[in-house]
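Below is one structure, written out as C-alpha cells; comments come after it.
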Amino acid sequence: MVLSASGLAIVALTTRAVPSDVSPLTGRDLAALRRSIDVTTVAGRAAPDVAADAGIPLADAERVLRLLDRSTAAALALDTLGQAGIWTTTVADDDYPAGLRDRLGDAAPPVLHGAGPAVTAAPPLVGVVGSRDVTPEAAEVATATGRLAVDRGFGVVSGAARGVDALAMDAARIGGGRAVGVLADSLTRAVRSAEVRRAVLDGALTLMTPYAPGAGFSAGFAMGRNKIVYALAAHVLVVTSDLDRGGTWAGALEALAHRYSDVAVWTGRGAGAGNAALVERGARGIADVGALLDGPVLPPAHRDAGDDQLSFAV
C-alpha cells in the first residue's frame, strides 16, 4: 500500500513509532485539525501563519510543525515496516476501512498497520468476542460461529487473543474463509510466526493494529481495540463475558452505547456470568448460533463533529 501525501502527514502527526519531543496528536485532535486546514500544506510554513489559517493557538501550531518535522523519519520507518511485510493506511487513504470512518467518526484510529490482504477487500465480517478462558461448551459456540460465518459468505473479525477469539478465527480459516485479527500486542512479533506468515500469504488472515507495530501488550490497548472489532463487523456475538469487569464486558457496553454494531449475546450453555446482564442492557440474546445473522445491520450512527477549536492536551 502506498500512502498519499495526506497519509504521510497523518502518520507524522500521530505516530508514536517515531521519536518526538512533543506529544503526537490524538485521533480527535487530528480530525479537528483536518477540518481546519489541509495538513499537506502546513510543513515549512511559519507558525503564526498556520495558527491564523487553522484558527488555533500559536503554541498548537508550533506543536503541529514540530510533529511534521518527523515526516522524513516517518517515511523511513514505514519503508522498514514494508520490507517486513507490514502495510500502513490512514483515514485519508482509499484502503482504510470505511466502516471505521462511518461508525467511529472522530474516534476512528488515524493510522492502521497490518499484514495480509486489505480489510477493504474482505467479505462482510462477523465479530466474535469473549473470554480467554472458556468452557468446552463456549469453545464449541465460538467454533460453530466461525464455521457459520464462512458458510454464509462472511469473514470473522476478533481480537486474536487466546480463547474465544482464536477459536472463531481458526474455524473461519480452516473452513476456507477469511479471518481478521485486531491486535493489542506487537504486530512485528506476530508476523515472525511461520504459521501466521503462511496464513497471510495464503490470503486467509489479516492482522492489524492501531498502535505502533512494535508496541507490546497493554490493557489499555486491549480496551481501545474493542471498538474497532465492533465497528468492522455487521454482527458481533459475545460468547462469554464476566459481569461488571473485564475487556469483553466493557467493549460490549461501549458498542451498545454508541451503536457500533448489532450486538448479540450467547444465552445457551457455556454463557458467561455477564451475558444475561448484557441482554438486560440492550443486547440481542440468542441461544442458536444460526440466529446471529438474523439481526439488523445498523446504519452508521451520526457523529457530531464537536468543537473544531483545537486545544491540544500535552
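Qualifying salt bridge (Lys or Arg N to Asp or Glu O under 4.0 Å) partners for D170, counting only residues two or more places apart in sequence or in other chains: R173. A search for side-chain contact (heavy atoms from CB on, under 4.5 Å) contacts involving L201 returns nothing, not counting sequence neighbours. For the side-chain contact (heavy atoms from CB on, under 4.5 Å) test, no residue two or more places apart in sequence or in another chain qualifies with D202.
Other residues, nucleotides and ligands place more than 12 heavy atoms under 6.0 Å from the CD atom of Q83. Enclosure of atom CZ in R45 by more than 12 non-hydrogen atoms of other residues, nucleotides or ligands within 6.0 angstrom is indicated.
In terms of modelled atom types and a separation under 3.5 Å, the side chain of S71 and the main chain of L68 share a donor-acceptor contact. Between the T14 side chain and the I10 main chain, a donor and an acceptor come within less than 3.5 Å of each other. Side-chain N or O atoms of S20 include none that pairs as donor or acceptor with a backbone N or O of R16 at under 3.5 Å. Here the side chain of D93 pairs no donor or acceptor atom with the backbone of L3 at under 3.5 angstrom. Using modelled atom types, no side-chain atom of R152 and backbone atom of L293 make a donor-acceptor pair closer than 3.5 Å. With hydrogens and angles disregarded, a donor-acceptor distance shorter than 3.5 Å links the side chain of R63 to the backbone of P24. Judged by distance alone, the side chain of T41 and the main-chain N or O of I37 form no donor-acceptor pair under 3.5 Å.
The minimum heavy-atom distance between T40 and S6, with the atom names listed, is CG2-OG, 3.3 Å.
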Using a 3.5 Å cut-off and no angle test, enumerate the donor-acceptor pairs between side-chain atoms of residues 119-142 and protein atoms at least two apart in sequence or in another chain.
residue : atom : partner : partner atom : Å
S131    : OG   : T240    : OG1          : 3.2
D133    : OD1  : R162    : NH1          : 2.8
T135    : OG1  : E137    : OE1          : 3.3
T135    : OG1  : A138    : N            : 3.1
E137    : OE2  : R269    : NH2          : 3.2

Under 3.5 Å, which donor-acceptor pairs do the side chains of residues 219-239 form with other protein atoms, sequence neighbours left out?
residue : atom : partner : partner atom : Å
R225    : NH1  : G159    : O            : 3.1
R225    : NH1  : V182    : O            : 3.2
N226    : ND2  : G247    : O            : 3.1
K227    : NZ   : G224    : O            : 3.4
H235    : ND1  : D262    : OD2          : 2.8

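For residues 204-218, every residue pair satisfying the side-chain hydrogen bond (donor to acceptor under 3.5 Å, both in side chains) rule, not counting sequence neighbours, is listed here: R178-T206.
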